[in-house]
Number of protein chains: 2
Amino acid sequence: MNVATSPASPEELGVLLKGAQSVLHLRMDECLRPLGLSVSQYACLHHLHQAPGITASDLARRAFVSRQAMSVLLQGLERQGLVARAEEQGPRRERAMSLTPRAEAALHDADRAVSEVVGRMVAPLPQSERDTLARLLAACRDALLDG
Amino acid sequence: MNVATSPASPEELGVLLKGAQSVLHLRMDECLRPLGLSVSQYACLHHLHQAPGITASDLARRAFVSRQAMSVLLQGLERQGLVARAEEQGPRRERAMSLTPRAEAALHDADRAVSEVVGRMVAPLPQSERDTLARLLAACRDALLDG
DNA sequence: ACGTTCATGTCAAGAGTTTGACACACAGCG
DNA sequence: CGCTGTGTGTCAAACTCTTGACATGAACGT
């Protein structure tokens, strides 16, 4: 069965994408849980680090979750003393979120752990193909972003 | 900040993977909902079509969800008359699942809709790069599967 | 033959997420 | 100025998925 696997059929591409993302999510959870972080929490801190002072709604959009889910996520991180919300609210009732110094340190450790996992994932691939993979994924994402 | 974006940093690759998969999931949901199917239900039917007579547990592994989640998913599909479970149980208390003719027809329509979405996703990419993407994703998945 | 081990299927409880709804705040336009 | 539209933040309910646990059935080793 499966006489011709070479030509990637459209549906299989989606299955491959979900498969790779699911396994990565699994392995990330395994290495982040000992650090006291869930994958969602790590993603939240990561996006907040690379775009400081962002709002909760914008953060939710970048993480592809609803505002409500990001809100409860941020409440948990705030209880842990990892994020802080500005007291005064900005132009559109928005309140800027920021990472605490403790979060920067925790994120540093988490980034190392995640890098190790991703490094294991792309271990069999040469650097040129890793760059190709990143370029192709970005192209796929952007092709469906405004639709 | 971010002086050199060309070399894909490990964490960004994970973000790209999740981003592409999330947007694809979103667009698939938009085109499958009118057909009365959720993305999870479609994935279940898809895996069941390409491996008929499979068990619920194996189906759960292929879809990267727990047995329990797949169980409730199958109960819903059974209520809709899309899947049927064998009455007699096999070697290890297992009961083979199968698609009904009505499901085959529904899956045909769903596959067309999904193919259209995936086609839109890979539209800017030549065929050679689509094959490359499939190969790289499979390599990443397999590299983390047994860890 | 017997006990151990493993895998399936299922129940119950918990966590995480989505959907729908509302109040509030600013921008744009009559 | 007032009205509409858009965006943010938040509450509540519904849904989905996960985790933990248990009973059943078959394979394996002794």
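These numbers come from the heavy atoms of this one structure, side chains and all, not from hydrogens, waters or symmetry mates. Numbered from 1 within each chain, the chains take letters A, B, ... in sequence-line order.
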Peer 1: What is the per-nucleotide protein-contact pattern of nucleotides 20-25 of chain C, from the 5' end, where B denotes a base atom under 4.0 Å from a protein heavy atom, S denotes such proximity for sugar-phosphate atoms only, and - denotes neither?
Peer 2: B---BS
Peer 1: Can you list, in residue-number order, the parts of residues 54-65 of chain B that come under 4.0 Å of DNA chain C, counting heavy atoms only?
Peer 2: B:T55, B:A56, B:S57, B:R61
Peer 1: What pairs meet the salt bridge (Lys or Arg N to Asp or Glu O under 4.0 Å) rule with one or both residues in residues 31-51 of chain B, with sequence neighbours excluded?
Peer 2: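 Every salt bridge (Lys or Arg N to Asp or Glu O under 4.0 Å) pair that includes a residue of residues 31-51 of chain B, provided the two are not neighbours, is B:D29-B:R33.
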Peer 1: In chain order, what residues pass the side chain to side chain contact (heavy atoms under 4.5 Å, CB included) check against A:D58, with sequence neighbours excluded?
Peer 2: A:I54, A:T55, A:R61, A:R62
Peer 1: Listed by chain and number, what are the salt bridge (Lys or Arg N to Asp or Glu O under 4.0 Å) partners of A:R135, not counting sequence neighbours?
Peer 2: B:E129
Peer 1: Starting at CD of A:E94 and ending at P of D:dG9, how long is that distance when rounded to a whole Å?
Peer 2: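 Atom CD in A:E94 sits about 7 Å away from atom P in D:dG9.
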Peer 1: Rounded off to whole Å, could you give me the CE-to-C1' distance for the B:M70 and D:dT19 pair?
Peer 2: 17 Å
Peer 1: My understanding is that only residues two or more places apart in sequence, or in another chain, count here; which of them pass side chain to side chain donor-acceptor pair (under 3.5 Å) with A:R27?
Peer 2: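 Testing A:R27 for side chain to side chain donor-acceptor pair (under 3.5 Å), a comparison that skips the adjacent residues, returns A:E30.
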Peer 1: Tell me the interatomic distance from B:L73, atom CG, to D:dC15, atom P, rounded to whole angstroms.
Peer 2: 15 Å
Peer 1: For A:L74 and D:dT8, give me the distance from atom CG to atom C1', rounded to whole Å.
Peer 2: 13 Å
Peer 1: Rounding to a whole Å, what distance do you find between A:E30:CD and D:dT19:C1'?
Peer 2: 15 Å
Peer 1: Kindly list each side-chain donor-acceptor pair under 3.5 angstrom involving residues 136-147 of chain B, sequence neighbours excluded, with atom names and distances?
Peer 2:
none

Peer 1: For residues 110-121 of chain B, run the donor-acceptor check on the side chains, cut-off 3.5 Å, and write out each pair with its distance to 0.1 Å, sequence neighbours left out.
Peer 2:
residue, atom, partner, partner atom, Å
B:D111, OD1, B:Y42, OH, 2.6
B:S115, OG, A:E11, OE2, 2.7
B:S115, OG, B:D111, O, 2.8

Peer 1: Among residues 17-28 of chain B, which ones have heavy-atom contacts with DNA chain C below 4.0 Å?
Peer 2: none
Peer 1: Could you say whether A:D29 or A:R95 is positioned toward the 5' end of DNA chain D, judged by the nucleotide with the nearest heavy atom to each?
Peer 2: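 Counting from the 5' end, the first nearest nucleotide belongs to A:R95.
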Peer 1: Does B:L82 offer a backbone N or O that forms a donor-acceptor pair with the side chain of B:T100 under 3.5 Å?
Peer 2: yes
Peer 1: Could you note down all residue pairs passing ring pair (Phe, Tyr, Trp, His ring centres under 6.0 Å) where residues 47-100 of chain A supplies at least one of them, sequence neighbours left out?
Peer 2: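 As it turns out, there is no ring pair (Phe, Tyr, Trp, His ring centres under 6.0 Å) pair with a partner in residues 47-100 of chain A once direct neighbours are skipped.
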Peer 1: Could you check whether any side-chain heavy atom of A:M70 comes within less than 4.5 Å of a side-chain heavy atom of A:M97, counting everything from C-beta outward?
Peer 2: no
Peer 1: Provide, to the nearest angstrom, the distance between the CE atom belonging to B:M97 and the P atom belonging to C:dT8.
Peer 2: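 Distance check: B:M97 CE to C:dT8 P gives 14 Å.
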Peer 1: Is A:R85 near enough to D:dT10 that one of its side-chain N or O atoms lies under 4.0 angstrom from OP1 or OP2?
Peer 2: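 Affirmative; the distance criterion is met.
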Peer 1: Specify the separation, in whole Å, of atom CD of A:Q75 and atom C1' of C:dA15.
Peer 2: 15 Å
Peer 1: Run the side-chain donor-acceptor check on residues 72-81 of chain A: report pairs under 3.5 Å with partners two or more places apart or on a different chain.
Peer 2:
residue, atom, partner, partner atom, Å
A:E78, OE1, A:R85, NH1, 3.4

Peer 1: Base, sugar-phosphate, or nothing: which does B:S40 touch, judged by heavy atoms less than 4.0 Å apart?
Peer 2: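 Contact class for B:S40: sugar-phosphate only.
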Peer 1: How would you list, by chain and number, every residue that makes a salt bridge (Lys or Arg N to Asp or Glu O under 4.0 Å) with A:E104, sequence neighbours excluded?
Peer 2: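 If we apply the salt bridge (Lys or Arg N to Asp or Glu O under 4.0 Å) test to A:E104, skipping adjacent residues, there are no hits.
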